[in-house]
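Note sheet for the following structure.
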Amino acid sequence: MDESVVADCRRLAAEIADEVQGFIDRHTTVGVERTVARAYGIDGADDQGAPLVNLLVERVHAQKLLGRGIAFFLGRELLRGAPSLQEAAERLAYGAAPVDPSGPETLAQIQAALAAPTLAALARIDAAVHERDGKRERLAMGPTPHKYVIVATGNIYDDAVQAKSAAHGGADVVAVIRATAQSLLDYVPHGPTTEGYGGTYATQANFKIVREALDAAGAELSRYVMQTNYSSGLCMSEIAWMAAVERLDMLLNDSMYGILFRDINMERTFVDQYFSRRLIARAKIVVNTGEDNYLTTADAVEAAHTVLSSQFINEAFAHRAGVADEQLGLGHAYEINPWIEDSFLLELSQAQLVRQLFPKHPIKWMPPTKHKTGDIFHSHVHDALYNLVGVTTNQSIELLGMFTEAIHNPLLMDRYLSLKSARYIFSAAKHLGEELEFKKDGIIERRAQEVLANAHAMLVEVQREGIWDAIARGAFAEVKRARDGGKGLAGVTARAAEYVNPLLDALEGRA
Amino acid sequence: MDESVVADCRRLAAEIADEVQGFIDRHTTVGVERTVARAYGIDGADDQGAPLVNLLVERVHAQKLLGRGIAFFLGRELLRGAPSLQEAAERLAYGAAPVDPSGPETLAQIQAALAAPTLAALARIDAAVHERDGKRERLAMGPTPHKYVIVATGNIYDDAVQAKSAAHGGADVVAVIRATAQSLLDYVPHGPTTEGYGGTYATQANFKIVREALDAAGAELSRYVMQTNYSSGLCMSEIAWMAAVERLDMLLNDSMYGILFRDINMERTFVDQYFSRRLIARAKIVVNTGEDNYLTTADAVEAAHTVLSSQFINEAFAHRAGVADEQLGLGHAYEINPWIEDSFLLELSQAQLVRQLFPKHPIKWMPPTKHKTGDIFHSHVHDALYNLVGVTTNQSIELLGMFTEAIHNPLLMDRYLSLKSARYIFSAAKHLGEELEFKKDGIIERRAQEVLANAHAMLVEVQREGIWDAIARGAFAEVKRARDGGKGLAGVTARAAEYVNPLLDALEGRA
Amino acid sequence: MGHPTSPHLLRAYGDRDGDGMVQMSFTLQVPPSAIAKEAARQFAEAHGLKEALVTAMEECGPGFTYFVVYGHSVHHVDLSKIEVPEVDIPDLDKKEIEHRIEERIGRKVVVVGACTGSDAHTVGIDAILNMKGYAGDKGLESYKWFDTHNLGAQVENEALLARALAVGADAILVSQVITQRNSHKENARALVELMKREGVRERFLLVFGGPRVDHKLALELGFDAGFGPGTLPKHVAAYLMTRMIDRQRASAFPGKAGTAHE
Amino acid sequence: MGHPTSPHLLRAYGDRDGDGMVQMSFTLQVPPSAIAKEAARQFAEAHGLKEALVTAMEECGPGFTYFVVYGHSVHHVDLSKIEVPEVDIPDLDKKEIEHRIEERIGRKVVVVGACTGSDAHTVGIDAILNMKGYAGDKGLESYKWFDTHNLGAQVENEALLARALAVGADAILVSQVITQRNSHKENARALVELMKREGVRERFLLVFGGPRVDHKLALELGFDAGFGPGTLPKHVAAYLMTRMIDRQRASAFPGKAGTAHE
Ligand code: B12
Ligand code: B12
Ligand SMILES: Cc1ncc(COP(=O)(O)O)c(C=O)c1O
Ligand SMILES: Cc1ncc(COP(=O)(O)O)c(C=O)c1O
């Protein structure tokens with residue numbers, strides 16, 4: 001591995017991220033502000049199911065005042081006698097009069113009024129971290145690769161049953177897949193949910209139900225079972241908050257996924273991502289990024305370097321949000337057409353390359369999906385080779401493939417068999433990685449060099465044009481998105497001079 | 001690999017085989033003599049289905065005259081005016097008078113009378129070799145590992161359908177598994193058969209039916225598809241003859257299998273094996289030996305060295321029968337308990353060791369069977385790892401595992417899926433073996449050293465005690481067999497001074 | 001396959017004619033036990049499996065057991081009674097398709113396509129429409145004689161129809177990949193209803209595609225044709241070309257229906 | 001499991017209560033086509049699968065096609081109606097078994113075992129009888145209070161019985177592994193008939209074992225007990241010990257039947 005090329009990749013990625021960071025630091029979004037409100041304990045929804053935080057933030061935003069930050073108004077309301085922040089929020093949201101654009105309160109007064117609630121918000125995150133640390137100390141964690149499985153019945157109570165079963169089958173991480181297109185909802189549904197298509201809504205109540213199920217299973221098994229969900233889409237940062245306080249252990253969190261696959265506006269989601277990652281950093285949650293998805297639309301042989309260059313960029317973004325390398329589960333995938341000659345070698349090469357370039361990172365590895373067919377027997381074999389590469393290259397987090405991938409969300413039985421296969425292979429080949437050396441200048445090594453070189457070339461280009469234009473021309477996943485297109489742009493606003501966000505200040509280490 | 005240890009293993013094996021060869025050269029059996037009769041074209045069966053060759057040989061044997069060899073009597077009958085050898089055989093078998101123990105004919109006369117028939121017999125073998133060579137020149141052969149599958153419906157016409165389908169699915173070698181316990185029949189059934197348990201009888205007619213099916217499939221696919229069957233049990237050498245002239249490409253042929261797993265008398269089967277291998281050598285058939293079976297009764301980790309030492313011995317036996325290394329498919333197997341840690345590494349080690357020690361040999365590798373359960377999905381994964389080791393270590397002939405191994409003889413669909421999986425893995429990991437090096441002094445290398453050392457120690461012991469006693473104390477497969485026990489001992493007889501066997505003379509290069 | 005009315009009975013085939021061998025797997029909410037095993041056996045027999053053999057019984061979650069069963073199915077189907085509508089596609093290559101459109105239609109065929117509802121799986125529709133195509137076969141964008149509008153994913157039926165009207169499309173192509181709880185059928189049916197309500201259903205060729213789509217299903221839902229897994233762009237192009245020529249002919253000779261390749 | 005007579009209905013479970021999800025695979029003798037796929041769907045529906053979805057259709061030989069189908073099964077079983085005889089084995093270790101034989105029988109229990117007919121699979125019977133045992137549990141040969149005769153494989157029923165009579169066996173243990181065309185049942189049944197013909201059936205405890213054997217089957221075939229996959233030697237030892245004590249008691253108090261652990 002040419003270390004100087006690697007270093008230059010990191011330099012280029014840093015420059016790319018810095019340019020975006022400048023934009024981020026000057027803007028906020030409805031998502032960010034709703035998150036702040038949630039952090040201040042604002043809770044509840046109206047009889048239509050519209051969350052109070054949405055009504056609150058929309059009202060302020062409708063008056064073009066959101067640039068000051070929702071905290072500005074909440075704090076001011078406290079100064080004006082609201083007995084609690086919840087009450088403050090309700091007054092602002094439901095009050096007959098429009099939000100008062102001016103007033104005598106100084107920024108310093110407002111900040112002071114929010115000092116205690118801000119500490120309380122941070123304390124809630126820290127308490128969850130503390131609880132997690134305690135549990136992890138008492139309960140063993142499974143060895144890596146951590147076996148990650150999804151449950152997705154649409155009904156959170158069924159999900160809890162499946163989650164427990166998964167833990168019994170050996171799962172280290174359980175994800176409840178979100179209902180189709182939750183990404184596009186500009187609010188987080190409230191309460192437990194029992195009707196979702198393709199998955200179950202991410203709600204705080206649902207998080208809690210699954211957390212309890214996994215804790216119970218963990219206690220029975222004397223093993224800490226991790227929980228994860230999606231902090232992405234239009235409510236990226238709100239979900240990060242909910243996950244932080246409900247003690248989720250991981251989060252799928254990546255602006256690129258939303259931009260490319262959900263057609264979410266890039267300005268919106270870059271800003272949201274930053275705030276969500278600030279929370280994630282504090283909550284010691286492991287981020288999973290979504291570069292793996294690129295290979296579902298682009299060819300995994302031709303586009304391998306796009307995954308790598310995006311990982312460098314994502315790493316740079318994460319650093320800027322205070323996320324430690326140990327928290328950064330960069331995503332990649334086993335998506336090469338299995339029928340091309342030496343496909344296994346190419347996968348091995350890529351997996352090893354990513355592992356080596358990001359040695360401290362809890363790399364997240366995704367199974368074959370795109371080339372799966374309804375031949376479930378063969379599909380199971382395909383996953384077996386994936387598992388073998390996973391343990392050989394010591395991927396940190398491995399989402400297990402399902403033999404019914406091309407058919408339906410996994411049944412209880414599918415998941416059980418997938419876990420059984422992974423348990424077998426991870427044990428049977430436990431020390432294989434330590435045993436093997438790759439031939440100097442062989443297919444595997446040459447392929448790794450080539451991918452790195454291409455990633456570097458791509459970063460040079462993206463740095464030159466800026467990431468906005470790179471995305472616009474389809475550099476990633478062969479999907480083109482315009483800077484002013486996509487969903488959620490209306491929710492972005494420039495920060496005003498008097499922008500107040502004590503929570504962010506604290507998370508950025510300024511408080 | 002310590003070459004001097006390897007050389008010493010071969011020296012010890014040679015001494016072990018030489019001792020047995022002394023015995024072989026002084027004896028014949030009813031099986032050998034029936035084979036000679038078949039080679040002279042003696043054909044047909046009585047209305048009970050008893051083959052003429054059996055009636056003929058039994059009659060001579062009953063009179064304790066078999067030590068002269070059946071050829072002695074057949075040749076003499078020609079001198080006495082029989083118009084053909086068939087007629088000669090019938091007279092001897094069905095004649096009212098007992099076989100005449102004496103007569104004026106000299107050995108030289110008898111030999112002379114048999115000269116032309118002997119040449120004709122050899123010519124039949126050679127014609128098959130010639131035809132095979134021709135076909136293989138015209139039709140491509142699949143790459144190694146050759147994918148070997150079994151068919152076993154019990155009905156030869158169904159078998160033919162299955163065999164063709166297997167060829168279409170990518171099989172390089174098709175075996176028709178024999179009916180349960182055919183090994184123990186002291187005759188070869190006659191004609192096509194449609195009722196077998198656990199397999200289909202090996203008969204010459206059945207060989208022909210499958211040969212035609214495979215040739216037809218081969219022509220459609222422009223690929224030469226190999227046929228194999230079992231030359232073992234009490235009719236080992238007769239089947240070798242039938243296979244030679246029906247142009248089978250391989251034969252399971254191993255006295256040790258019969259002794260240990262079929263309780264066939266060792267004297268009987270050593271003698272039979274020698275003659276069968278002389279025919280096999282001439283017919284350029286590839287032998288598959290049965291050491292793999294040891295691991296079905298003994299533990300594959302503990303008893304790995306017994307497989308290896310037996311392979312050295314089997315090699316020595318084969319050399320003494322004129323079988324070239326290129327014809328010697330020594331058997332071994334993937335039978336380690338899959339759930340023990342690093343089982344995959346141990347299998348890799350063993351497979352690589354055997355590959356390296358027998359570099360010119362068309363090694364035959366057997367799939368997991370013993371640890372298979374009725375969980376067909378998992379079973380398919382187990383086979384996948386087996387396939388991966390197979391292609392990585394470049395095994396020559398790989399009997400494909402079946403996911404229904406623990407349930408039934410393979411269905412059409414089972415075989416198809418097994419072939420599909422092997423095709424995938426052999427292609428996806430085609431050059432993996434060339435890419436990998438094993439860590440110096442790692443688990444894999446140390447295990448190989450250990451197995452070799454143990455095999456050497458075992459050979460030292462077997463050489464000291466002689467193979468008869470070694471078998472008697474359960475050195476192989478943990479099965480004990482007495483030299484004077486087992487089936488078929490009554491069919492062994494010492495060769496008389498006037499023993500006549502022009503076919504053997506020719507095969508041994510003395511004619 | 002014999003005379004259309006003479007029965008052609010198919011039973012499952014294991015390794016011998018008529019053995020009826022079938023494999024099943026399923027989960028029952030009961031922990032493993034001798035009784036559970038017998039329950040699984042009886043469950044399989046209820047499906048018509050004789051001599052059902054339970055080959056695997058493993059706890060796949062607390063109180064749940066997974067089973068594998070083999071048995072000899074008593075059922076059969078009569079192949080001679082099965083009728084499946086198949087899309088009628090001439091086997092033509094791109095060049096010939098282009099040629100026929102040029103010759104017989106004389107103008108570009110306008111196509112609007114989308115993956116509708118909340119479905120975000122664009123790979124299928126992209127495979128058919130985009131330049132790149134699928135499995136080496138170029139997509140409709142690469143055809144000179146098609147004017148292609150790929151609206152991408154998550155397109156509401158209303159937006160799709162509006163766009164089709166706006167560009168004067170000849171054909172609307174709908175992709176649906178998510179099938180959980182039959183959402184693909186509902187989305188598709190809703191589009192047909194919308195078009196009928198707007199009185200424009202007959203104005204367009206309406207084509208449905210996706211991994212769980214076939215022609216039969218598409219017809220049932222009120223589409224003109226359906227395409228499933230493995231579809232190549234040229235299949236769709238050939239179909240559209242043929243039907244456009246049919247339509248042209250039908251409007252030229254309104255009394256006489258027919259197909260372009262009679 | 002509720003009151004024995006209140007029904008306890010089990011349906012297949014996919015990922016939600018009552019979804020009835022079941023997987024099937026099978027081969028039909030027809031080449032792949034839209035009609036073949038529909039045939040497969042109808043075939044699955046004939047088994048009671050609703051909304052059957054054919055997920056794989058591949059040619060697995062000239063003129064043969066392999067299918068995978070998922071569907072929602074309409075069937076159920078009533079767990080409360082299922083009765084399965086189970087062998088009654090006290091959970092004892094070797095030491096305790098030895099102790100009880102010594103105390104209550106006071107002589108060695110004589111056991112003869114074999115794998116019968118043309119079956120050559122000795123691993124199972126060896127696992128039970130030989131010193132080495134199975135999965136860490138030592139075989140009957142290692143027990144001081146058993147006198148064990150393992151005749152090995154391919155033993156004819158006649159030879160087995162003769163030997164049992166010769167050594168004055170208390171129990172005869174039969175293993176059968178090959179099940180093709182029910183050969184295991186035939187072999188086992190033939191032994192029972194032979195013993196009855198000879199009038200010695202009641203003289204022995206007759207035990208059947210093998211991978212496709214269970215207690216129910218063994219009883220049906222006229223054996224006293226059946227043991228399947230996963231049996232440990234100590235299970236068999238405990239069973240034999242218990243039944244020997246029963247027998248002893250029955251002959252001491254002929255009027256009163258009972259079991260040793262009432
Ligand atoms: C790639 C992929 C994704 C990508 C999609 C990227 C993109 N831009 O398309 C990403 C990662 C974004 C994704 C996300 C999700 N996915 Co997804 N995904 C897949 C996957 C792996 C492959 C689909 C694919 O690309 N196939 C290749 C194309 C070429 O095949 P095709 O679509 O069948 O198209 C061919 C034909 O059908 C036909 N065709 C298709 N459309 C049309 C239209 C017309 C007009 C015509 C003529 C022909 C035609 O022609 C094509 C070429 O032959 C499948 C699993 C699988 N292996 O099938 C799951 C799968 C479809 N996804 C699934 C799910 C549930 C989701 C999520 C909802 C999960 C979640 N909760 O997060 C999300 C959300 C997506 C959403 N709301 O739609 C499920 C659907 C379950 C079901 N049956 O309902 C599947 C089956 C996986 C699973 N087992 O859970 N997914
Ligand atoms: C090992 C093996 C062999 C070895 C046997 C060596 C030996 N000396 O036993 C060899 C290689 C010789 C062999 C040969 C053949 N085999 Co085989 N073999 C197997 C294999 C791989 C494992 C069986 C085994 O050892 N299991 C481990 C033991 C411990 O398990 P078990 O027998 O179930 O025993 C346990 C319990 O059942 C119980 N038990 C068993 N017996 C008894 C008895 C009593 C009294 C009690 C209380 C309990 C008890 O306790 C044991 C411990 O828990 C199976 C496939 C599989 N994975 O099951 C095929 C299998 C059994 N063989 C099969 C066949 C067809 C054959 C052949 C006929 C093939 C051929 N035509 O050449 C030959 C001929 C053998 C013959 N005539 O019997 C088929 C049987 C198909 C069927 N259902 O009828 C199988 C299923 C493979 C297949 N899919 O084709 N085989
Ligand atoms: C980073 C990321 N976010 C979100 C999702 C899920 O998408 P959604 O909830 O938008 O359907 C994925 C899916 O793989 C992902 O990789
Ligand atoms: C060398 C050898 N011969 C014969 C057989 C088959 O045995 P039989 O035909 O005696 O059942 C085997 C089975 O694996 C074998 O390995």
Side-chain angles (χ1 to χ4, degrees), chain A residues 334 336-349 371 373 375-389 391-392 403-404 413-414 416-447, chain B residues 334 336-349 371 373 375-389 391-392 403-404 413-414 416-447:
Chain A
Y334 192 100
I336 295 175
N337 177 350
W339 291 100
I340 68 174
E341 193 168 293
D342 288 323
S343 61
F344 183 80
L345 279 69
L346 300 182
E347 296 284 13
L348 196 55
S349 173
H371 294 283
T373 70
D375 179 356
I376 53 175
F377 295 96
H378 192 70
S379 173
H380 208 36
V381 166
H382 195 170
D383 289 334
L385 293 205
Y386 162 74
N387 285 335
L388 189 68
V389 175
V391 67
T392 306
F403 62 65
T404 49
M413 173 189 131
D414 306 350
Y416 167 75
L417 286 168
S418 172
L419 282 161
K420 181 176 175 184
S421 176
R423 271 191 285 122
Y424 159 49
I425 294 170
F426 290 0
S427 147
K430 195 171 175 71
H431 296 99
L432 187 61
E434 296 169 21
E435 284 283 312
L436 298 184
E437 279 148 31
F438 300 129
K439 195 171 84 181
K440 192 92 210 103
D441 217 34
I443 298 176
I444 296 173
E445 212 186 275
R446 282 204 315 272
R447 168 70 182 170
Chain B
Y334 192 100
I336 295 175
N337 177 350
W339 292 99
I340 68 173
E341 193 168 293
D342 287 324
S343 60
F344 184 80
L345 279 69
L346 299 181
E347 295 286 12
L348 195 56
S349 173
H371 294 282
T373 71
D375 178 356
I376 53 176
F377 295 96
H378 192 70
S379 173
H380 209 35
V381 166
H382 194 171
D383 289 334
L385 293 205
Y386 162 74
N387 285 334
L388 189 68
V389 174
V391 68
T392 305
F403 62 64
T404 49
M413 172 188 132
D414 306 350
Y416 168 75
L417 286 167
S418 172
L419 282 161
K420 181 176 176 185
S421 176
R423 271 191 285 122
Y424 159 48
I425 293 170
F426 290 0
S427 147
K430 196 172 173 72
H431 295 99
L432 186 62
E434 296 169 21
E435 283 283 313
L436 298 184
E437 277 148 33
F438 301 129
K439 195 171 85 180
K440 191 92 211 101
D441 217 31
I443 298 175
I444 295 173
E445 212 186 274
R446 282 203 315 272
R447 168 71 183 169

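Throughout, protein chains are lettered first and strands after them, A, B, ... in sequence-line order, and every chain is numbered starting at 1.
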Please work out whether the ring planes of A/Phe377 and B/Phe403 are parallel, tilted or perpendicular, with thresholds of 30° and 60°. parallel
By a 4.5 Å heavy-atom criterion (distance strictly below it), what part of [X] contacts chain A: side chain, backbone, both, or neither?
X: B/Ile444; value: both
X: B/Leu388; value: side chain
X: B/Ile336; value: neither
X: B/Leu346; value: neither
X: B/Ile443; value: both

Pair count under 4.5 Å, heavy atoms only, with chain B: among A/Lys420, A/Lys440, A/Lys430, highest is A/Lys420
Scored by heavy-atom pairs under 4.5 Å with chain B, the best of A/Glu445, A/Glu435, A/Lys439 is A/Glu435
- Query: So B/Tyr424 and A/His382, side chain to side chain contact (heavy atoms under 4.5 Å, CB included) or not? Walk me through it.
  - Reply: CA-CA 9 Å; B/Tyr424 159 48; A/His382 195 170; 3.4 Å; yes
What one should report as the nearest heavy-atom pair of B/Pro338 and A/Ala428 is O-CB, 3.9 Å
Side chain, backbone, both or neither: which part of [X] has an atom under 4.5 Å from a heavy atom of chain B?
X: A/Leu348; result: side chain
X: A/Asp375; result: side chain
X: A/Leu385; result: side chain

TODO: Dump the intermediate steps for side chain to side chain contact (heavy atoms under 4.5 Å, CB included) on B/Trp339 and A/Arg423, then the final yes or no.
DONE: CA-CA 9 Å; B/Trp339 292 99; A/Arg423 271 191 285 122; 4.2 Å; yes
- Query: Is there a donor-acceptor pair closer than 3.5 Å between any side-chain N or O of A/Asp342 and the backbone N or O of B/His431?
  - Reply: yes
Go through the steps to decide whether B/Val381 and A/Asn387 satisfy the test side chain to side chain contact (heavy atoms under 4.5 Å, CB included), and finish with yes or no.
CA-CA 10 Å; B/Val381 166; A/Asn387 285 335; over 6 Å; no
Here the gap from A/Ser379 atom OG to B/His380 atom NE2, rounded to the nearest 0.5 Å, amounts to 10.0 Å
To the nearest 0.5 Å, atom CG of B/Leu436 lies from atom CG of A/Leu345 at 7.5 Å
